[in-house]
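The structure under discussion appears below in the form of structure tokens.
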Amino acid sequence: MLKAAIIGASGYTGAELAGLIHGHPHLTLAGLYVSGGSQDAHKPFTSLHPRWRGVIELPLLPLDEEAISRIHTEADLVLLATAHEVSHDLAPGFLAKGLPVFDLSGAFRVPGEGFYDQFYGFHHQYGDWLAKAAYGLAEWNQEAIKAAQLIAVPGCYPTASLSALKPLQQAGLIAEGARPIISAVSGVSGAGRKASMANSFCEVSLKPYGVFNHRHQPEISHHLGKQVVFQPHLGNFIRGILATVYVQLKEGVSDEQIAAAYQAAYQGQKIVRLAGQWPQINDVAGTPFCDLHWGRDGNQLIVVSAIDNLLKGAASQAIQCINIHQGFSPVAGLIKE
Ligand SMILES: NC(=O)C1=CN([C@@H]2O[C@H](COP(=O)(O)OP(=O)(O)OC[C@H]3O[C@@H](n4cnc5c(N)ncnc54)[C@H](OP(=O)(O)O)[C@@H]3O)[C@@H](O)[C@H]2O)C=CC1
Ligand SMILES: CC(=O)N[C@@H](CCC(=O)OP(=O)(O)O)C(=O)O
């Protein structure tokens, strides 16, 4: 069994990771950590996440110097379920000790001068690690994920969007010069567990945000190799993302070519499902799946993609990355085989 330490284990994605690792055939928990000064330090994990009562009875430990030394010597791999700046600061220390790091934040996803200053509001100090990190879009990047020591698990909207668009881009079916348009709705858990006015029960209403300035637009464009228009919306539900993607096809593209592009990309892949009907959040919430379906009218294609933002959009994709990195079955701990 490989021992996995989770930093940020009291948060939404960290708690999902704890559950997935607890149930994984080849992984075991090597500690659940929160910040050194956390108000939750030393509390039982289950006092924050009671659904794991009697199952994961571990304390939330403060990430102080002693804890970091303990992780260096006792853990086989580290999962960072922390804010971007926190992951940016923590990852290099674990990497220097030779530990593989799977980072759920955006801190190592997009190389490029000035990118983090512009879209994340901090200056990136670790260009060498940023250049060496593998982008953990599991169905698309297996060789890089296997080889890298640092895996940057994609954002939730980019996972939903890229899963829909990459087969078309790879097959060369998208019209030159046309920008695919992604309109996506996320559940409120996408914003994390920390309280904020915008995410409080009485304030949440279906609405757009991040118009023309969301950091996932450049993340999607970079990893697609084509500029996109991306518009996120906050929905009044807890978990899940539904992305509707509008694509202008090249002249003369046939239904068979579109179907072949998706078959070529996902045949034999168990996590991305070609749903055969329009996806809905209820079908994927609480699961590691990404459901896709498409329809067309002439050269106008619509693809719909649905995922659970906390799972395929974060924690279960991180587990897919660990599985690939370690040579386990790609779906170990996610789907019974
Ligand atoms: N929520 C989602 O759907 C998705 C989130 N992500 C990304 O994953 C990361 C985690 O997200 P999410 O789970 O939603 O976040 P949460 O806000 O729910 O959790 C953050 C966790 O980090 C801990 N933490 C904060 N500061 C530190 C620190 N200095 N050292 C150690 N631990 C710390 C928090 O505990 P405490 O403050 O008590 O220390 C908490 O456990 C983020 O980068 C997010 O952008 C990616 C894809 C989807
Ligand atoms: C509803 C909501 O607020 N969602 C988050 C996306 C969370 C995510 O994918 O995470 P990364 O920050 O790691 O990219 C947002 O739009 O910022």
Side-chain angles (χ1 to χ4, degrees), residues 5-18 31-43 45 47-49 60-65 67-68 71 78-91 93-94 102-110 119-121 135-137 152-162 184-196 198-199 204 206-211 213-220 223 230-243 285 307-318:
I6 303 174
I7 322 281
S10 67
Y12 285 152
T13 62
E16 294 293 337
L17 283 172
L32 303 178
Y33 292 92
V34 289
S35 59
S38 172
Q39 61 181 15
D40 296 320
H42 304 293
K43 288 185 187 168
F45 171 69
S47 68
L48 276 75
H49 297 284
L60 292 165
L61 301 170
L63 191 71
D64 51 22
E65 287 305 316
I68 289 178
I71 294 169
V78 175
L79 285 142
L80 299 177
T82 41
H84 318 295
E85 296 90 329
V86 175
S87 289
H88 167 271
D89 294 349
L90 287 176
F94 294 119
F102 299 82
D103 177 25
L104 275 63
S105 88
F108 295 93
R109 290 183 196 147
V110 185
F119 288 99
Y120 283 77
Y135 190 64
L137 192 64
V153 181
C156 47
Y157 289 118
T159 295
S161 307
L162 289 167
V185 189
S186 171
V188 184
S189 61
R193 187 165 185 274
K194 211 162 65 187
S196 87
N199 299 333
V204 168
L206 179 58
K207 66 168 184 190
Y209 68 101
V211 180
N213 62 17
H214 196 283
R215 66 192 182 286
H216 287 170
Q217 188 278 335
E219 181 179 331
I220 298 165
H223 290 286
F230 169 62
Q231 182 52 57
H233 302 76
L234 186 68
N236 60 349
F237 49 92
I238 296 174
R239 57 198 292 167
I241 286 182
L242 191 85
I307 62 168
D308 185 320
N309 55 298
L310 297 176
L311 290 171
K312 179 59 173 164
S316 69
Q317 181 142 254

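Indexing begins at 1, ligand by ligand and atom by atom, following the structure's order.
Side-chain atoms of Ser87 and Asp103 form a donor-acceptor pair, as typed in the model, at a separation below 3.5 Å. Between the side chains of Ser316 and Glu16, no donor-acceptor pair is found at a separation under 3.5 Å.
Atoms of ligand 1 lying under 4.0 Å from any heavy atom of Ala314, numbered from 1 in the order shown and given with element: 47 (C), 48 (C). Within ligand 2, counting atoms from 1 as listed, the ones closer than 4.0 Å to a heavy atom of Tyr157 are 16 (O). Of all the atoms in ligand 2, the ones that sit under 4.0 Å from a non-hydrogen atom of Ser186 are 1 (C). Of all atoms in ligand 2, numbered sequentially from 1 with element shown, those under 4.0 Å from a heavy atom of Leu234 are 1 (C). Listed by number with element, the atoms of ligand 2 under 4.0 angstrom from any heavy atom of His84 are 11 (P), 12 (O), 13 (O). Listed by number with element, the atoms of ligand 1 under 4.0 angstrom from any heavy atom of Leu310 are 1 (N), 2 (C), 3 (O). Numbered from 1 in the order shown, with element, the atoms of ligand 1 that lie under 4.0 Å from a heavy atom of His84 read 43 (O), 45 (O).
Protein heavy atoms are absent from the 4.0 Å sphere centred on atom 44 (C) of ligand 1.
Residue Arg215 places at least one N or O, backbone or side chain, under 3.5 Å from an N or O of ligand 2. Backbone and side-chain nitrogen or oxygen atoms of Tyr209 are examined, and one is located within less than 3.5 angstrom of a nitrogen or oxygen of ligand 2. For ligand 1, the polar-atom distance check against Arg215 finds no nitrogen or oxygen pair separated by under 3.5 Å. Looking at Asn309 next to ligand 1, an N or O pair under 3.5 Å apart turns up.
Summarising the contacts of atom 8 (C) of ligand 2 with Gly190, Gly155, Cys156, Ala160, the nearest heavy atom is found in Cys156. Taking only non-hydrogen atoms, the option from Gly187, Ala81, Gly240 nearest to atom 20 (C) of ligand 1 is Ala81. In the candidate list Thr82, Leu104, Asp89, Thr82 is nearest to atom 42 (C) of ligand 1, counting heavy atoms. The heavy atom nearest to atom 15 (C) of ligand 2, considering only His216, His214, Arg109, is found in His214. Counting only non-hydrogen atoms, the option in Ser35, Gly8, Gly11 that gets closest to atom 31 (C) of ligand 1 is Ser35. Scanning Pro158, Ala191, Gly187, Ser87 for the heavy atom closest to atom 3 (O) of ligand 2 points to Ala191. For atom 12 (P) of ligand 1, the nearest non-hydrogen atom from the set Ile6, Thr13, Leu17 comes from Thr13.
For atom 38 (O) of ligand 1, the nearest non-hydrogen atom of the protein is Ser38 OG, 2.6 Å. Protein heavy atom in closest approach to atom 15 (O) of ligand 1: Gly192 CA, 4.1 Å. At the top of the distance list for atom 47 (C) of ligand 1, counting protein heavy atoms only, stands Gly313 O, 3.1 Å. Closest protein heavy atom to atom 40 (C) of ligand 1: Ser10 OG, 3.4 Å. Looking at atom 18 (O) of ligand 1, its nearest protein heavy atom turns out to be Arg193 N, 2.8 Å.
Looking at heavy atoms from C-beta onward, Ile71 lies in side-chain contact with Tyr33 at the 4.5 angstrom threshold. Residues Leu63 and Leu90 have side chains in contact (heavy-atom distance under 4.5 Å, counting atoms from C-beta outward).
The backbone N or O of Gly106 sits less than 3.5 Å from a side-chain atom of His84, completing a donor-acceptor pair. Looking at Ser186, its side chain never comes within 3.5 Å of a backbone N or O of Leu234 through a donor-acceptor pair. For the pair Glu219 (side chain) and Gly155 (backbone), a donor-acceptor distance under 3.5 Å is present.
Minimum interatomic distance between Phe102 and Ala318 (heavy atoms only, all atoms of both residues): CD2-O, 4.4 Å. When all heavy atoms of Ala9 and Leu32 are compared, the pair lying nearest together is CB-CB, 3.6 Å. Here the closest heavy-atom approach between residue His223 and residue Arg109 is recorded as NE2-O, 2.8 Å. Nearest heavy-atom pair, Gly235 versus Val188, reported as atom, atom and distance to 0.1 Å: O-CG2, 3.3 Å.
Of all the heavy atoms of Ala83, the ones lying under 4.0 Å from any atom of ligand 1 belong exclusively to the backbone. When non-hydrogen atoms are compared, ligand 1 lies under 4.0 Å from the backbone of Ser189 (N, CA, C, O) but not from its side chain. When non-hydrogen atoms are compared, ligand 1 lies under 4.0 Å from the side chain of Val86 (C-beta onward) but not from its backbone. With a 4.0 Å cut-off on non-hydrogen atoms, Ile7 touches ligand 1 through its side chain and not its backbone.
The CD1 atom of Ile241 sits 8.0 Å away from atom OG1 of Thr159, with the distance rounded to the nearest 0.5 Å. For the atom pair Leu311 CG and Cys156 SG, the distance stands at 11.5 Å (nearest 0.5 Å).
Under the 4.0 angstrom criterion for non-hydrogen atoms, Tyr33 is not in contact with ligand 1. Ligand 2 lies within reach of Leu104, whose nearest heavy atom is under 4.0 Å from it.
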Step-by-step side-chain contact (heavy atoms from CB on, under 4.5 Å) determination, Leu48 to Leu60:
CA-CA 10 Å; Leu48 276 75; Leu60 292 165; 4.1 Å; yes
Note to self: Could you go through Ile307 and Leu242, starting from their C-alpha distance and side-chain angles, then the distance that decides it, and tell me whether this counts as side-chain contact (heavy atoms from CB on, under 4.5 Å)?
What the structure shows: CA-CA 7 Å; Ile307 62 168; Leu242 191 85; over 6 Å; no
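Atom NZ of Lys207 sits in a sparse spot, with 12 or fewer heavy atoms from other residues, nucleotides or ligands closer than 6.0 Å.
Taking the six-membered ring where tryptophan is involved, the planes of His214 and Tyr157 are perpendicular, since the angle between them exceeds 60° and thus also 30°.
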